[in-house]
Amino acid sequence: MYSFFESVYQVIAQIPYAKVASYGQIACLLGNPQQARTVGWALKKCPDGLPWHRVVKADGSLAAGEYVELQQAILCSEGVFFTPDGKVDMEVFQWDGSPLFFDS
DNA sequence: CCACTGACTAGAG
DNA sequence: TCTCTAGCCAGTG
């Protein structure tokens with residue numbers, strides 16, 4: 001079952017420690033820069049072992065709905081610093097997409 | 001098969 | 001600079 005969601009999960013699974021990626025960035029890696037919404041919807045499925053906390057909005061703010069504080073807590077635990085605005089410093093922590101491994 | 005929803009993004013007021 | 005609106009695709013009912 002290699003659906004769009006599966007691709008989303010694989011990409012997110014490749015996000016390295018102490019790094020974050022925006023929905024649009026993930027969508028771009030999948031080849032569809034406009035599908036940021038669909039990516040977020042895939043995150044809502046939230047499969048086991050998926051580092052959904054490493055996925056943030058384009059401006060660096062969190063987007064996990066009611067799990068926002070949980071996401072911030074996990075990211076803080078991973079070593080990601082937050083600005084007083086409650087946003088991630090994208091200039092420092094945004095994933096560049098290098099460690100991608102399109103296996104199988 | 002048709003319609004609605006959704007953890008977004010970018011542009012305009 | 002902040003807030004609001006429109007558009008996008010895939011999945012579920």
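The chains referred to below are lettered A, B, ... by the order of the sequence lines, with proteins before strands, and numbering in each begins at 1. What you are looking at is a predicted structure, and each value in this text was computed from that prediction instead of being measured.
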Subject >> Same apolar cluster: A:F4 and A:L50, side chain cutoff 4.5 Å >> reply: yes

**OP:** Let me know the distance between OH of A:Y67 and P of B:dG6, rounded to the nearest Å.
**Re:** 14 Å

Subject >> Non-hydrogen side-chain atoms of A:V20 and A:I15 separated by less than 4.5 Å >> reply: no

Subject >> A:Q14 and A:W95, any side-chain heavy atoms less than 4.5 Å apart >> reply: yes

Subject >> Spacing between A:Y23 atom OH and C:dG7 atom P, to the nearest angstrom >> reply: 23 Å

Original post:
Can you tell if the side chain of A:Q71 reaches within under 4.5 Å of the side chain of A:V56, non-hydrogen atoms only?
Top reply: yes

Subject >> Whole angstrom value for the distance that separates P of C:dA10 from CD of A:Q34 >> reply: 10 Å

Subject >> Rounded distance (Å) that lies between atom C1' of C:dC9 and atom CG of A:L29 >> reply: 17 Å

**OP:** Mind calculating the distance between CZ (A:F4) and C1' (B:dG6) to the nearest angstrom?
**Re:** 13 Å

Original post:
In residues 36-65 of chain A, which residues come under 4.0 Å of DNA chain C by heavy atom?
Top reply: A:R37, A:T38, A:W41, A:K45

Subject >> d(CD, A:Q25; C1', B:dA7) in whole Å >> reply: 16 Å

Original post:
Any side-chain heavy atom of A:I12 sitting closer than 4.5 Å to one from A:W52?
Top reply: no

Original post:
A:N32 has an atom CG; how far is it from atom P of C:dA10, in whole Å?
Top reply: 6 Å

**OP:** Could you tell me whether A:F82 atom CZ has more than 12 heavy atoms of other residues or ligands within 6.0 Å of it?
**Re:** yes

Original post:
CD of A:Q35 versus P of B:dA10: gap in Å, rounded?
Top reply: 15 Å

